[in-house]
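Chain letters run A, B, ... following the sequence lines, proteins first, then strands; residues in each count from 1.
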Protein chains: 2
Amino acid sequence: MIREFFKSFGVFSEEEIDEIESYFTKRSIKKNEVFLQEGTKCTEIAFVVKGIYRSYYTGSDGVETTYCFCFPGSLMSSYSAFISGEPSSETLQALTDAEILVVKKTDLDQLSENSFKWMHVLKTIAEQQYVALEQRIFQLQREGASEKYNTLLERQPIYIQKIPLHYLASYLGISQRHLSRIRKGV
Amino acid sequence: MIREFFKSFGVFSEEEIDEIESYFTKRSIKKNEVFLQEGTKCTEIAFVVKGIYRSYYTGSDGVETTYCFCFPGSLMSSYSAFISGEPSSETLQALTDAEILVVKKTDLDQLSENSFKWMHVLKTIAEQQYVALEQRIFQLQREGASEKYNTLLERQPIYIQKIPLHYLASYLGISQRHLSRIRKGV
DNA sequence: TTGATTTATAGACAAATGTCCTCTTTGACA
DNA sequence: TGTCAAAGAGGACATTTGTCTATAAATCAA
């Protein structure tokens with residue numbers, strides 16, 4: 001799975017992907033355990049093999065807001081904290097028992113500083129992350145609550161099946177009460 | 001101004017910046033003129049020297065939503081369209097008489113394919129864009145309308161002075177009627 | 001200057017959404 | 001298995017926000 005992920009960038013040879021794989025260490029995480037805690041630095045990045053993760057941040061009022069979810073086949077980190085080196089404003093927590101492949105940020109930094117291919121891949125990742133966020137901005141900005149839910153149903157039906165509703169509501173920027181209403185079709 | 005911009009990445013020599021400058025062509029644009037039209041491909045990127053630009057997209061209902069604003073000292077393009085090569089979903093329009101420095105996308109693509117420094121700079125730009133969007137997500141997701149307006153007042157007071165309110169309202173994802181109420185302090 | 005357009009405010013009302021609370025179901029686990 | 005916590009639905013009501021409309025002020029072009 002991780003091989004396909006790195007192949008998809010279309011720049012690495014089989015041998016290089018062998019080497020890439022060797023940088024990653026397998027780790028198992030139990031439900032509700034935290035991979036990265038708000039306020040700490042992001043020193044490693046994970047590739048999700050199994051399970052679902054949730055990223056959330058805590059407002060000044062203490063309320064937790066769900067920023068996003070991570071599914072198998074994709075990278076997981078507090079990307080802003082990874083980029084900046086500053087303490088993370090997000091917490092990454094497993095919603096189910098999970099399995100990840102972990103790589104040190106220092107390894108990645110070193111690779112990118114010394115390899116054009118890696119620099120290229122990390123640029124591509126940054127761009128992909130940007131495009132994904134733009135889509136969310138469009139949604140948060142112009143859609144009403146029920147449209148948001150329907151868009152989610154269409155584009156990411158797996159979200160609805162696997163994730164507790166109050167997290168989804170928070171992700172969509174609405175209250176759980178209201179999401180319940182929407183689901184009822186009112 | 002554009003020299004400072006490229007110097008800020010900390011990788012280019014004075015001579016290289018001379019060369020970079022030579023890729024850019026000056027262009028004047030009148031108020032309300034369009035730099036990039038929704039549905040067309042993004043073949044050039046601009047550095048804003050003077051004036052304010054607005055990026056907006058049109059929903060299936062025909063309503064225009066303001067995605068962001070561009071001020072002097074920063075790059076302007078439909079970044080998603082620039083990345084993907086697909087037709088832009090945004091229109092870039094001058095809100096005032098403006099002056100920009102334009103570079104061809106093909107030039108930039110060629111530079112990044114052949115230069116580690118450029119690849120590095122473009123990666124950095126992508127990351128900066130990501131971080132800025134994340135901040136907006138946080139705001140759109142968890143803040144109420146009046147908080148959004150106050151945050152805007154604090155962080156980007158220049159927005160409020162220079163930009164018509166209905167664009168600001170659209171940018172914040174609220175109606176102009178409501179923004180007017182908020183300003184009145186109700 | 002004059003007239004037209006844009007910009008900002010605001011009243012009245014309807015619709016959307018949030019808060020607080022309760023109840024039922026489900027699932028985890030001791 | 002029994003108990004407890006988590007998850008989801010929903011009633012009642014308050015608040016927020018949107019829509020439609022009108023008006024005044026500001027801006028701009030002829």
Side-chain angles (χ1 to χ4, degrees), chain A residues 29-34 51-52 54 56 59 61-66 69 93-98 139-153 157-186, chain B residues 29-34 51-54 56 59-66 69 93-98 139-153 157-186:
Chain A
I29 301 204
K30 288 251 188 295
K31 180 173 175 174
N32 290 329
E33 274 183 10
V34 161
I52 301 177
R54 161 186 175 243
Y56 65 89
D61 52 4
V63 175
E64 289 176 5
T65 304
T66 297
F69 304 100
Q93 183 188 37
L95 289 183
T96 62
D97 288 351
Q139 198 196 21
L140 286 167
Q141 204 182 9
R142 73 174 305 277
E143 291 184 359
S146 74
E147 284 170 301
K148 287 178 189 165
Y149 179 70
N150 290 324
T151 303
L152 196 69
L153 267 183
I158 196 174
Y159 278 40
I160 279 74
Q161 301 157 17
K162 306 267 187 179
I163 298 172
L165 280 195
H166 58 286
Y167 293 148
L168 281 185
S170 173
Y171 173 76
L172 294 175
I174 62 179
S175 68
Q176 186 181 355
R177 178 68 190 88
H178 196 55
L179 181 53
S180 176
R181 259 191 291 249
I182 290 165
R183 278 158 65 93
K184 205 58 185 177
V186 182
Chain B
I29 300 203
K30 287 252 188 294
K31 180 172 174 175
N32 292 328
E33 275 183 11
V34 162
I52 301 177
Y53 280 81
R54 161 187 174 241
Y56 66 88
S60 51
D61 52 5
V63 175
E64 288 177 6
T65 303
T66 297
F69 304 99
Q93 184 189 36
L95 290 183
T96 63
D97 288 351
Q139 199 197 20
L140 286 167
Q141 203 183 7
R142 75 175 302 277
E143 291 184 0
S146 74
E147 284 170 302
K148 285 178 191 167
Y149 179 70
N150 289 325
T151 303
L152 196 68
L153 267 183
I158 196 174
Y159 278 40
I160 279 74
Q161 300 157 19
K162 307 268 188 179
I163 298 172
L165 281 195
H166 58 285
Y167 293 148
L168 282 184
S170 173
Y171 173 76
L172 294 175
I174 61 179
S175 68
Q176 186 181 356
R177 177 69 190 89
H178 196 54
L179 181 54
S180 177
R181 259 190 293 248
I182 290 165
R183 278 159 64 93
K184 204 59 184 175
V186 182

Checklist outcome for this item: Between its two end axes (five pairs each) the helix from C:dT1-D:dA30 to C:dA30-D:dT1 turns, nearest 10 degrees, through 50°
Checklist outcome for this item: Checking C:dT9, D:dC28, D:dT17 against the side chain of B:Ala145 (C-beta onward), the nearest is D:dT17
Mind listing the N/O atom pairs, protein and nucleotides 18-20 of chain C, below 3.5 Å?
unit_1: C:dG18; atom_1: OP1; unit_2: A:Ser175; atom_2: N; d: 3.4
unit_1: C:dG18; atom_1: OP2; unit_2: A:Ser175; atom_2: N; d: 3.0
unit_1: C:dG18; atom_1: OP2; unit_2: A:Ser175; atom_2: OG; d: 2.9
unit_1: C:dG18; atom_1: N7; unit_2: A:Arg181; atom_2: NH2; d: 2.7
unit_1: C:dG18; atom_1: O6; unit_2: A:Arg181; atom_2: NH1; d: 3.1

Checklist entry - In whole angstroms, how far is the C1' atom of C:dT17 from the NZ atom of A:Lys148? => result 11 Å
Item to check | Candidate nucleotides D:dA9, C:dT17, D:dT17, ranked by approach to the side chain of A:Lys184 - the nearest | outcome: D:dA9
Item to check | Closest approach of B:Tyr171 to B:Leu140 (non-hydrogen atoms, all atoms of both residues) | outcome: O-CD2, 4.4 Å
Item to check | side chain to side chain donor-acceptor pair (under 3.5 Å) partners for B:Asp61, two or more places apart | outcome: A:Arg142
Checklist entry - Looking at residues at least two apart in the chain, or sitting in another chain, which of them share a salt bridge (Lys or Arg N to Asp or Glu O under 4.0 Å) with A:Glu143? => result none
Checklist entry - Who are the side chain to side chain donor-acceptor pair (under 3.5 Å) partners of B:His166, not counting sequence neighbours? => result none
Item to check | Validation row: A:Arg183, A:Ile160 side chains within 4.5 angstrom (heavy atoms) | outcome: yes
Item to check | Spacing of A:His166 atom NE2 relative to D:dA5 atom P, expressed in whole Å | outcome: 16 Å
Checklist entry - Rounded to whole angstrom units, what separation is found between the CD atom of A:Glu64 and the C1' atom of D:dA6? => result 15 Å
Checklist entry - Listed by chain and number, what are the side chain to side chain donor-acceptor pair (under 3.5 Å) partners of A:Gln139, not counting sequence neighbours? => result none
Next on the checklist: Could you tell me if the side chain of B:Lys31 sits less than 4.5 Å from the side chain of B:Asp97, heavy atoms only?
Outcome noted: yes
Checklist entry - Would you find a donor on one side and an acceptor on the other, under 3.5 Å apart, between the side chain of B:Ser146 and the backbone of B:Ile182? => result no
Next on the checklist: Rounding to an integer number of Å, can you tell me how far B:Asp61 CG sits from D:dT19 C1'?
Outcome noted: 14 Å
